[in-house]
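Below is one structure; the comments refer to it alone.
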Number of protein chains: 2
Amino acid sequence: MIADTVRTSTYRTGIFRNSSSIQGKVVLDVGAGTGVLSIFCAQAGARKVYAVEASSIADQAVKIVKHNKMEDIIEVIKGTLETIDLPEHVDVIVSEWMGYALLHESMLNSVLFARDKWLKPGGLILPSKAELYIAPINDLVVEDRLIFWNTVKDQYGVDMSCMSDFARKCIMNNDITVNLVTVEDVLSHPCKFAELDLYSVTVEQLNSVSGAFKCECFGSSPVNALCVWFTVTFPGGEEKPLVLSTSPFKPETHWKQAVLYLDNPVDVRQDTKVVGDIKMYPSEESSRHICIHLDCTIGEQKKHSKTFSIPDGYSGECQQ
Amino acid sequence: MIADTVRTSTYRTGIFRNSSSIQGKVVLDVGAGTGVLSIFCAQAGARKVYAVEASSIADQAVKIVKHNKMEDIIEVIKGTLETIDLPEHVDVIVSEWMGYALLHESMLNSVLFARDKWLKPGGLILPSKAELYIAPINDLVVEDRLIFWNTVKDQYGVDMSCMSDFARKCIMNNDITVNLVTVEDVLSHPCKFAELDLYSVTVEQLNSVSGAFKCECFGSSPVNALCVWFTVTFPGGEEKPLVLSTSPFKPETHWKQAVLYLDNPVDVRQDTKVVGDIKMYPSEESSRHICIHLDCTIGEQKKHSKTFSIPDGYSGECQQ
């Protein structure tokens, strides 16, 4: 994921802005991967960095740390955060723990475990806050795929317009679809529906991350989905806080956005209200997978309830 | 797959070119899907079309046939070709049976079963021939991904060049990668290594579809993969035969190409010979999945042997 320049650059800047709190201090990197964040912390003046990584990528991190002559500062520990032992408490926790839709296959539980077990009172967590946003969208790719069946007659002389309903059910399904949302498709200002303060949030609270939202549409359009994304914020040290955003209004990241399709497109006009409640919680089959339950009312329509989950195959190893 | 215009248009033309053989005749459509090929045959003058489809999409085909007022000609039969019964033998078999790399999750076995059980002597099969091709390529996306690790130092001040070897193993793996190959990446003329005559090929012969190849490179380049694709040919009726090609030299189709990565890039020059043998056969775990075994010698290098398979998740329902 180092090829995601928004992610890597923002973490680098976020770490360097806090160098006055890192200088001469002890850092714990939770889920260190290739160790790039540990190296940033060492460059920012850390006295010691513990880079904890459970997967075999830890072997690569060892090589990279040596290659960068930082083996005196950075100690790569291959193991799970919950079972390893550290020789000391730490001043700073750094972690890139976010998954799709913030919480899908995230490592936030491990970060909180690390905080409660290893962080000194008054210690620093980077990033220190996460926020979740929602907005109604009209996904034009989906609209095209639905209209497609009406075009087959002109193209091939076969009337397939009766497929529209079947196609709609196939496309506007119960999957959380991870996709890049085009900014032109977003139909309102973002509405924040939840915020996690990493200093105080508990593992129990992660079992239900929920909130209400109310969006007012920009203008006339069909709405065929709601779109969810997140930001994380680094405290600013002596400068202003720094936000890593996965918003469709900002440059793209590998997290893209999470798209929740309605059952049917609904027409809205300027100032039509899209209001509702959204709840994110671990799936029963796998606690690392998330489900999203959405209750939503669009304008005068009756309330629409739907539960979504991420299909298998949305995580990969060996990525840059 | 109707949105794949190369596929749909070529089938339509291939059927219409053979209308003299279809007029007033009985057709069997193997794996009819939405029934579009059955409708083309009815439009070409078929007296009767049996549209056999095992999946639930058959229910959509029934609707589409009615919607196009062809229920007197086209009979949709929901069932597997191997178990259904027809009231008569047929003059023509039409089928869009091809999978990735021609044979992955293909329905060719069912077409051959239909041929042996239901086709009248001298009957027509559309398409009637399949051919497999190979050529060495230099996948520039992979090259970029390997070079990437050498660029991290300039971008972030962390030397990650020691990741190149690990990244190469991750990328140049044993997967058959289904990808669009850019024509500029192809390093020789295509070499045909196998041909299937649908009138004579047997199910047993599909257990090992193999051949030798010899390509001569256009010029100096690294080779990091071999690329496999196929064509199928429709007899021409009174016109010349018609080829549906999935070649990287032709307009793209949803089949794309099948890319087989070497373990390491190898440098070639003009006229360097890439010679070898390739064998396609059903995987032991699932007879509908294919494996490809490649023996290949590039220039003066020693022989390179590698076995590939398609990772799970390369087939989808609900596609246009």
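Proteins come first, then strands; the chains are lettered A, B, ... in the order of their sequence lines, and each starts at number 1. Everything quoted here is computed from the prediction, not taken from an experiment.
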Under the side chain to side chain contact (heavy atoms under 4.5 Å, CB included) rule, what do B/Thr8 and A/Gln155 come out as? Steps first, then yes or no, please. CA-CA 10 Å; B/Thr8 308; A/Gln155 206 177 354; over 6 Å; no

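- Nearest approach of B/Gly157 to A/Gln43, heavy atoms of both residues: O-NE2, 2.9 Å.
- Summarising the geometry, atom CH2 belonging to B/Trp149 is positioned 9.0 Å from atom CD belonging to A/Gln60; distances are rounded to the nearest 0.5 Å.
- Options B/Lys153, B/Met163, B/Lys63 differ in how many heavy-atom pairs under 4.5 Å they form with chain A, and the most are formed by B/Met163.
- Scanning all heavy atoms of the two residues, the minimum distance from B/Ile57 to A/Phe166 falls at CD1-CE2, 3.4 Å.
- For A/Val158, the parts lying near chain B are the backbone and the side chain together; criterion is any non-hydrogen pair under 4.5 Å.
- Only the side chain of A/Ile39 has a heavy atom closer than 4.5 Å to any heavy atom of chain B.
- Note that NE2 of A/His67 is 5.0 Å distant from SG of B/Cys162, once rounded to the nearest 0.5 Å.
- Near-neighbour residues of residues 11-37 of chain B relative to chain A, defined by a heavy atom under 4.5 Å from a heavy atom of that chain, comprise B/Arg12, B/Thr34, B/Val36.
- Among A/Val152, A/Asn173, A/Asn68, the residue making the largest number of heavy-atom pairs under 4.5 Å with chain B is A/Asn68.
- If you measure heavy-atom distances from B/Thr151 to chain A, you find no contacts under 4.5 Å at all.
- Heavy atoms closer than 4.5 Å to chain B are found in both the backbone and the side chain of A/Asp159.
- In plain terms, the two heavy atoms of B/Phe40 and A/Tyr156 that are nearest each other are CE2-O, 3.7 Å.
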